[in-house]
Amino acid sequence: MLTLAILGFLAERPMHAYELRQVVSDLIGHNRPVSDGALYPALNRLREAGHVERKETPGEGAPARQVLHLTATGRAELHRRLTTPKETEITDGGAFFTLLAFLGQLDDPAAQSAVLRRRLDFLTRPGSFFRKDGEPARANDVDDPFRKGMLVMARATRQAERHWLEQTLPTLENPAPPHPAPPPEP
């Protein structure tokens with residue numbers, strides 16, 4: 001998630017590491033706090049791989065600052081990660097939301113649709129946090145009120161996400177034809 005978030009935000013615009021940490025933390029920090037101890041090693045790996053470069057920019061009345069830029073190979077790596085996400089990036093809600101945050105950077109609606117179809121396929125399979133008699137447990141199968149709460153909330157979230165996916169997929173798979181150009185004025 002961290003690498004995808006770094007590549008995605010730097011594809012939008014170059015940033016200082018401090019600003020990058022802030023925007024990454026806003027996106028994924030509520031699940032997993034983003035510390036300097038996680039960010040800087042990830043940035044170093046991306047720099048060593050040639051995906052990110054650091055350029056010095058003059059400071060206004062201050063020392064020069066280091067700004068991070070995405071390279072062409074970094075953009076290609078972002079594209080690869082968006083078009084062929086790992087299974088965990090489809091099945092894990094937090095990882096999927098990170099993927100979703102940058103899916104708009106793909107220009108190909110078919111590629112976007114393929115990712116969303118994988119998520120919808122996952123959401124339509126039976127699942128639960130708990131099992132009863134070898135099958136996924138439903139809220140009505142659970143007596144513990146806290147576990148029942150988990151299942152009720154998960155079901156509502158799953159239904160809302162499926163609804164959004166079912167509304168969004170047709171717009172990607174069958175885009176509206178472009179409006180004809182207005183006739184020239186006489």
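- Counting heavy atoms from C-beta on, the side chains of L46 and L10 never come closer than 4.5 Å.
- Going from atom CG of L103 over to atom CG of L116 covers 5.5 Å, rounded to the nearest 0.5 Å.
- Interatomic distance, L99 CG to K86 NZ, rounded to the nearest 0.5 Å: 12.0 Å.
- Between the side chain of R138 and the backbone N or O of D141, no donor-acceptor pair lies under 3.5 Å.
- Sorted by first then second residue, the ring-ring contact (aromatic ring centres under 6.0 Å, His included) pairs that include residues 66-117, not counting sequence neighbours, are F9-F102.
- Within the 4.5 Å cutoff, no side-chain heavy atoms of T171 are placed close to those of N174.
- Heavy atoms of other residues, nucleotides or ligands lying less than 6.0 angstrom from CG of D144 number more than 12.
- Linking ILVMFWY residues whenever their side-chain heavy atoms come closer than 4.5 Å, directly or via other members, leaves L7 and V67 in distinct clusters.
- Grouping Ile, Leu, Val, Met, Phe, Trp and Tyr residues whose side-chain heavy atoms lie under 4.5 Å apart, directly or via other members, leaves M153 alone, with no other cluster members.
- The environment of CZ in R147 is sparse: at most 12 heavy-atom neighbours from other residues, nucleotides or ligands sit within 6.0 Å.
- In this structure, CG in L120 is found 5.5 Å from OG1 in T124, a value given to the nearest 0.5 Å.
- Judged as a ring-ring contact (aromatic ring centres under 6.0 Å, His included), not a single pair has a partner in residues 116-139 (not counting sequence neighbours).
- Taken from CG in N140 to NZ in K132, the straight-line distance is 10.0 Å, to the nearest 0.5 Å.
- Side-chain contact between L27 and V23: absent, with no pair of heavy atoms (C-beta onward) separated by less than 4.5 Å.
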- Decide side-chain contact (heavy atoms from CB on, under 4.5 Å) for V115 and L100; before the verdict, give the C-alpha distance in whole Å, the side-chain angles of both, and the deciding distance to 0.1 Å. CA-CA 9 Å; V115 171; L100 195 58; over 6 Å; no
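- Listed by first and then second residue, the side-chain hydrogen bond (donor to acceptor under 3.5 Å, both in side chains) pairs involving residues 99-119 are E87-R118, S113-E173, R117-E173, R119-E161 (not counting sequence neighbours).
- To the nearest 0.5 angstrom, L82 atom CG is 4.5 Å from L106 atom CG.
- Q66 has its side chain out of reach of H16: every pair of non-hydrogen atoms, C-beta onward, lies at least 4.5 Å apart.
- The CG atom of L165 sits 10.0 Å away from atom CG of D121, with the distance rounded to the nearest 0.5 Å.
- Within the 4.5 Å cutoff, no side-chain heavy atoms of M15 are placed close to those of L68.
- Partners of R80 according to the salt bridge (charged side-chain N to carboxylate O under 4.0 Å, His left out) rule, which considers only residues two or more places apart in sequence or in another chain, are E77.
- For OH of Y18, the number of neighbouring non-hydrogen atoms (other residues, nucleotides, ligands) closer than 6.0 Å is 12 at most.
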- Message: Show, in sequence, the C-alpha distance, side-chain angles and deciding distance for E19 and R65, and conclude whether the salt bridge (Lys or Arg N to Asp or Glu O under 4.0 Å) test is met.
- Response: CA-CA 12 Å; E19 180 185 14; R65 298 180 70 187; over 6 Å; no
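- In this view, T157 satisfies the side chain to side chain contact (heavy atoms under 4.5 Å, CB included) rule with no residue, not counting sequence neighbours.
- In terms of heavy-atom proximity, A111 sits nearest to T83 at CB-CG2, 4.1 Å.
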